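Just so it is clear, the model here is predicted, and its values are computed rather than measured. Chain naming here is simple, since letters A, B, ... match the order of the sequence lines and numbering starts at 1 in each.
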Protein chains: 2
Amino acid sequence: MKRNTWQRTAVREALSARDGFVSAQELHTALRSAGSPIGLATVYRALSDLAGEGDADSLQSAEGENLYRACVSPGHHHHLICRVCGRTVEIEADAIEEWAARTAAAHGFRDPQHVVDVFAVCDRCS
Amino acid sequence: MKRNTWQRTAVREALSARDGFVSAQELHTALRSAGSPIGLATVYRALSDLAGEGDADSLQSAEGENLYRACVSPGHHHHLICRVCGRTVEIEADAIEEWAARTAAAHGFRDPQHVVDVFAVCDRCS
DNA sequence: AGCGATTTTGACAATCGTTCTCGATAAGCC
DNA sequence: GGCTTATCGAGAACGATTGTCAAAATCGCT
């Protein structure tokens with residue numbers, strides 16, 4: 001059974017207050033400087049719960065950090081991420097899904113999962 | 001100036017002796033059990049040099065580890081990776097390149113880089 | 001509202017991959 | 001053979017993340 005604590009709520013809200021992807025540490029720092037005494041481990045736990053429930057989206061940055069974002073459209077989609085400010089656009093790409101499935105099948109591979117993300121610099125930052 | 005040491009050669013050879021992606025640690029262990037007294041830091045250095053020169057390909061596993069592979073076809077390409085045995089197929093995908101460029105441009109983003117990899121289970125492992 | 005069982009929290013230690021430090025070693029050049 | 005300088009390697013340092021465990025908080029029930 002899952003309980004509702006103010007901590008989880010705080011994480012959920014701090015996350016949706018942001019425009020792009022954030023790391024757990026950043027989010028923790030933000031919460032702390034907003035006056036919340038929340039612990040770092042709790043932020044990590046809350047974020048991976050949210051990601052597991054599909055309420056948040058996660059990806060790895062090029063440096064290997066895990067980044068999270070409040071999920072707008074549920075279901076499978078990909079991202080176009082500004083590598084300067086972190087602003088994110090969700091993109092649908094049925095063509096990619098098909099391509100991945102076809103490519104895997106063509107080589108005798110089963111049960112394909114794919115990682116497709118585009119990092120670029122957005123108009124505001126260039 | 002760049003020097004040729006037996007350590008770099010050993011890493012290069014150990015890498016091309018493998019069929020799929022390997023982590024720096026795995027490669028180090030392999031070299032050690034083959035009798036080489038090479039150091040871990042050296043393996044890391046050699047691998048990132050190789051990747052920088054385009055002689056090796058690198059990607060991040062789902063767990064955030066950096067994996068390397070001897071590069072067969074130079075130039076830009078993507079991978080289909082068996083998530084059980086690590087066997088890898090290099091795939092060309094001009095369609096993806098175009099799609100990424102078009103998508104970025106459509107949202108006003110510049111200088112797009114993309115991460116496109118497909119993880120699945122190969123015929124031998126399923 | 002009060003109680004009790006059970007989750008969740010948070011400070012801290014532990015882990016894991018990777019990078020840094022720095023004295024020792026060895027390539028390449030004369 | 002020497003000299004200069006890049007490279008090596010052992011261990012410390014690091015940063016992100018996860019585990020530990022006692023204390024605190026939540027939910028269901030009365």
### Query
Atom NE2 in His107(A), atom OG1 in Thr88(B): separation rounded to 0.5 Å?
11.5 Å
### Query
Once you round it to whole Å, what is the distance between C1' of dA10(D) and CD1 of Ile38(B)?
14 Å
### Query
Under 4.0 Å: is that the gap between some side-chain N or O of Thr42(A) and OP1 or OP2 of dG10(C)?
yes
### Message
Just the rounded figure in Å: distance from C1' of dA16(D) to CG of Leu27(A).
### Response
15 Å
### Query
Can you name the nearest heavy-atom pair linking Leu15(A) to Arg69(A), along with the distance?
CD2-C, 3.9 Å
Between protein and nucleic acid, restricted to nucleotides 24-30 of chain C and to nitrogen or oxygen atoms under 3.5 Å apart, what atom pairs and distances do you find?
from    : atom 1 : to      : atom 2 : distance (Å)
dA27(C) : N3     : Arg3(B) : NH1    : 3.2
dA27(C) : N3     : Arg3(B) : NH2    : 3.4
dG28(C) : OP1    : Asn4(B) : N      : 3.2

### Query
Starting at CD of Glu65(A) and ending at P of dT18(D), how long is that distance when rounded to a whole Å?
12 Å
### Task
Heavy atoms only: give me the nearest Ile81(B)-Phe109(A) pair and the separation to one decimal.
C-CE2, 3.9 Å
What N/O pairs connect the protein and nucleotides 19-23 of chain D at under 3.5 Å? Give each pair on its own line.
none

### Task
Calculate the interatomic distance between Leu31(A) atom CG and dT9(C) atom C1'; express it in whole Å.
15 Å
#### Entry: Whole angstrom value for the distance that separates P of dT9(C) from CG of Leu47(A)
12 Å
### Task
Hey, which sits more toward the 5' end of DNA chain C by its nearest nucleotide, Arg8(A) or Leu40(B)?
Arg8(A)
### Under 3.5 Å: donor-acceptor pair, side chain of Arg110(A), backbone of Asp123(B)
no
### Task
Look up atom CG in Asp55(A) and atom CG in Leu47(A), then write down how far apart they are to the nearest 0.5 Å.
11.5 Å
## Note on the structure
Closest non-hydrogen contact found for Arg83(B) with Pro112(A) is NH2-C, 4.4 Å
### Query
Please give, in whole Å, the distance from dA10(D) C1' to His28(B) NE2?
11 Å
### Message
Over 60° means perpendicular and under 30° means parallel, so tell me whether His78(A) and His114(A) are parallel, tilted or perpendicular.
### Response
tilted
### Nearest listed nucleotide, side chain of Arg32(A), among dA16(D), dA11(C), dT18(C)
dA11(C)
### Task
Specify the separation, in whole Å, of atom CD of Glu63(A) and atom C1' of dT19(C).
14 Å
### Message
OP1 or OP2 of dT17(D) versus the side-chain N and O atoms of Tyr44(A): is any pair under 4.0 Å?
### Response
yes
## Note on the structure
Taking every heavy atom of Leu80(A) against every heavy atom of Ala104(B), the minimum-distance pair comes out as CD2-CA, 4.0 Å
### Message
Taking atom CD as the centre, does Glu90(A) end up with more than 12 heavy-atom neighbours from other residues, nucleotides or ligands that are less than 6.0 angstrom away?
### Response
yes
### Query
For the pair made of CD in Gln60(B) and P in dT17(D), what is the distance, rounded to whole Å?
11 Å
